[in-house]
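For reference, the structure is listed below as structure tokens.
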Amino acid sequence: MFFLSIFPGFAQEKPLRILMIGAHPDDCDIKSGGTAALFAKMGHEVKFLSITNGDAGHMEMGGGMLAKRRYAESQEVAKRLGIHYDVLDNHDGELLPTLEIRLDVIRKIREWGADVVISHRPNDYHPDHRYTGILVQDAAFMVGVPNIAADTPPLRKNPVFLYYQDNFQKPNPFSPDIVIDITSVIDQKIYALDAHTSQFYEWLPWIANDPDVIPEGKEGRIAWLKSKRASAPNPSVMKSLEEWYGTEKAAQVKFAEAFEICEYGSRPGREDILRLFPMLNNSQ
């Protein structure tokens, strides 16, 4: 999906500001941690924003104690990726797309001065994911309306809004409009995920009834986590990789992250995408 160019010129004059929004304090990391690492290495500014505090995501602890633990994990991720990480104080598992939270999202997008905003699609297995997608969609136009959340200055240019990749087919499947080769930073991404000890080594294996025995040592854990969280591009992503990188380079890509363009924000053309994802310029 490409549109007419919306940005004057192609030169990158200042660091891009990328805002990745997830429902929980590990969603951005899973869906876009490699792309975030590449942006950060290139000198651009990246922020992860979790809409909930994750206070229900565990089988043995919860509430304020778990929220505090997960916030600490998110700040360790920020160090490992070279980014910023904010967590809103909404309860995990109880998120609704209310006006109050929509206004918070609008403020966060404005305060960051986002060029690109990435979040969940609103069709997903988890209600928090769905409602985060709706909240971000509902904020997409309003970030430029001065009388909405009037305590925070509006943006003069609507960001490009994108969706994270997922595997849900109904009512419509994910479209990999933009695909980023993250092979060079996959180990950094896995190292960032490793900071979420409460999730990847405790809660998520438990809720999934995963029969694997979690390794005890650090190196063993990271190798196990990579086996679980790093997989080859699927056929539709590979097709898009070939469009962006060419057949020869695409064949060498082991790991990738894909994003779908949301029609509610600015609509980028190919040159706009190359400006907003400058790592793609090395693919041409």
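Remember, it's a predicted structure, so these values are computed and weren't measured experimentally.
- Rounding to the nearest 0.5 Å places CG of Asn123 at 9.5 Å from CD of Gln169.
- Partners of Arg107 under the salt bridge (charged side-chain N to carboxylate O under 4.0 Å, His left out) rule, at least two apart in sequence or in another chain, are Asp104, Asp151.
- Relative orientation of the His120 and Tyr164 rings is perpendicular, given thresholds of 30° and 60° on the angle between their planes.
- At a threshold of 4.5 Å between non-hydrogen side-chain atoms, the residues Leu38 and Ser184 count as touching.
- Other residues, nucleotides and ligands contribute at most 12 non-hydrogen atoms within 6.0 Å of the NE2 atom of His91.
- Listed by chain and residue number, nothing satisfies the side chain to side chain donor-acceptor pair (under 3.5 Å) test with His126 (two or more places apart in sequence, or in another chain).
- Atom CZ of residue Phe48 and atom CG of residue Leu19 lie 10.0 Å apart, to the nearest 0.5 angstrom.
- Scored by the side-chain contact (heavy atoms from CB on, under 4.5 Å) test, Met65 finds Met61 as partners (sequence neighbours excluded).
- Side chain of Asn53 to main chain of Ala67: no donor-acceptor pair is present (N/O by atom type, distance under 3.5 Å, no hydrogens or angles).
- Annotation: side chain of Arg121 is not in contact with side chain of His129 (no heavy-atom distance under 4.5 Å).
- In this structure, Asp177 CG and Leu162 CG are separated by 8.5 Å, a value rounded to the nearest 0.5 Å.
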Could you please spell out the steps behind the side chain to side chain contact (heavy atoms under 4.5 Å, CB included) verdict for Leu103 and Ile148? CA-CA 8 Å; Leu103 294 175; Ile148 302 298; 3.7 Å; yes
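- Partners of Lys170 under the side chain to side chain donor-acceptor pair (under 3.5 Å) rule, at least two apart in sequence or in another chain, do not exist in this structure.
- Annotation: side chain of Tyr85 is in contact with side chain of Val87 (closest heavy-atom distance under 4.5 Å).
- Although no hydrogens or angles enter the test, the distance criterion places a donor-acceptor pair under 3.5 Å between the side chain of Asn158 and the main chain of Ala140.
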Give the C-alpha distance, both sets of side-chain angles, the deciding distance and a yes or no for side chain to side chain contact (heavy atoms under 4.5 Å, CB included) between Thr152 and Ile106. CA-CA 9 Å; Thr152 309; Ile106 290 169; over 6 Å; no
Do any side-chain atoms of residues 203-210 form donor-acceptor pairs under 3.5 angstrom with protein atoms, and if so which ones, sequence neighbours left out?
| from | atom 1 | to | atom 2 | distance (Å) |
| --- | --- | --- | --- | --- |
| Asp210 | OD1 | Asp212 | N | 2.9 |
| Asp210 | OD2 | Lys228 | NZ | 2.9 |

Would Ile101 and Tyr131 count as a side chain to side chain contact (heavy atoms under 4.5 Å, CB included) if you check the C-alpha gap in whole Å, the side-chain angles of each, and the deciding distance to 0.1 Å? CA-CA 10 Å; Ile101 301 175; Tyr131 294 142; over 6 Å; no
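- The CD atom of Glu263 lies 14.0 Å from the CZ atom of Phe161; values are rounded to the nearest 0.5 Å.
- A heavy-atom distance below 4.5 Å is not found between the side chains of Leu81 and Val46.
- Aromatic ring centres of Phe39 and Phe277 lie closer together than 6.0 Å.
- Taking the side chain as every heavy atom from C-beta outward, Arg69 and Thr197 approach each other to under 4.5 Å.
- Annotation: side chain to side chain donor-acceptor pair (under 3.5 Å) contacts involving residues 133-149, sequence neighbours excluded, comprise Gln137-Tyr163.
- In Phe168, the CZ atom is crowded: over 12 heavy atoms of neighbouring residues, nucleotides or ligands sit closer than 6.0 Å.
- By the 6.0 Å contact criterion, CG on Asn167 is open, its count of non-hydrogen atoms from other residues, nucleotides or ligands being 12 or less.
- With hydrogens and angles disregarded, no donor-acceptor distance shorter than 3.5 Å links the side chain of Thr183 to the backbone of Val253.
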Please determine whether side chain to side chain contact (heavy atoms under 4.5 Å, CB included) holds for the pair Asp181 and Gln252, giving the CA-CA distance in whole Å, both sets of side-chain angles, and the decisive distance to 0.1 Å. CA-CA 9 Å; Asp181 175 9; Gln252 301 171 15; over 6 Å; no
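- Among residues two or more places apart in sequence or in another chain, the side chain to side chain donor-acceptor pair (under 3.5 Å) test is passed with Ser198 by Glu73.
- The list of salt bridge (charged side-chain N to carboxylate O under 4.0 Å, His left out) pairs with a residue in residues 29-48, not counting sequence neighbours, reads Lys47-Asp86.
- Partners of Asp26 by salt bridge (charged side-chain N to carboxylate O under 4.0 Å, His left out), not counting sequence neighbours, listed by chain and number: Arg70.
- With sequence neighbours left out, the salt bridge (charged side-chain N to carboxylate O under 4.0 Å, His left out) criterion links Asp187 to Lys226.
- In this structure, Gln199 contributes its side chain and Gly57 its backbone to a donor-acceptor pair below 3.5 Å.
- The hydrophobic cluster containing Ile18 does not contain Val117, counting ILVMFWY residues as joined when their side-chain heavy atoms lie under 4.5 angstrom apart, directly or transitively.
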Going by atom type alone, with no hydrogens or angles, which donor-acceptor pairs under 3.5 Å involve a side-chain atom of residues 229-237 and a protein atom two or more places apart or on another chain?
| from | atom 1 | to | atom 2 | distance (Å) |
| --- | --- | --- | --- | --- |
| Asn234 | OD1 | Ser236 | N | 3.2 |
| Asn234 | OD1 | Ser236 | OG | 2.9 |
| Asn234 | OD1 | Val237 | N | 2.9 |

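- Annotation: salt bridge (charged side-chain N to carboxylate O under 4.0 Å, His left out) contacts involving residues 188-201, sequence neighbours excluded, comprise Arg80-Asp194, Lys189-Glu257, Asp194-Lys218.
- Under the 4.5 Å side-chain criterion, counting only non-hydrogen atoms from C-beta, Thr35 is in contact with Met20.
- With hydrogens and angles disregarded, no donor-acceptor distance shorter than 3.5 Å links the side chain of Tyr201 to the backbone of Leu225.
- Counting only distance, with no hydrogens or angles, the side chain of Ser240 and the backbone of Val179 share no donor-acceptor pair below 3.5 Å.
- Under the 4.5 Å side-chain heavy-atom criterion for Ile, Leu, Val, Met, Phe, Trp and Tyr, Ile190 and Ile30 are members of the same hydrophobic cluster.
- Here the side chains of Leu280 and Ile180 are in contact, with some heavy-atom distance below 4.5 Å.
- For the atom pair Asn90 CG and Asp55 CG, the distance stands at 9.5 Å (nearest 0.5 Å).
- Residues Ile261 and Ile273 form a side-chain contact, since some pair of their non-hydrogen atoms from C-beta on lies under 4.5 Å apart.
- To the nearest 0.5 angstrom, Leu135 atom CG is 8.0 Å from Arg102 atom CZ.
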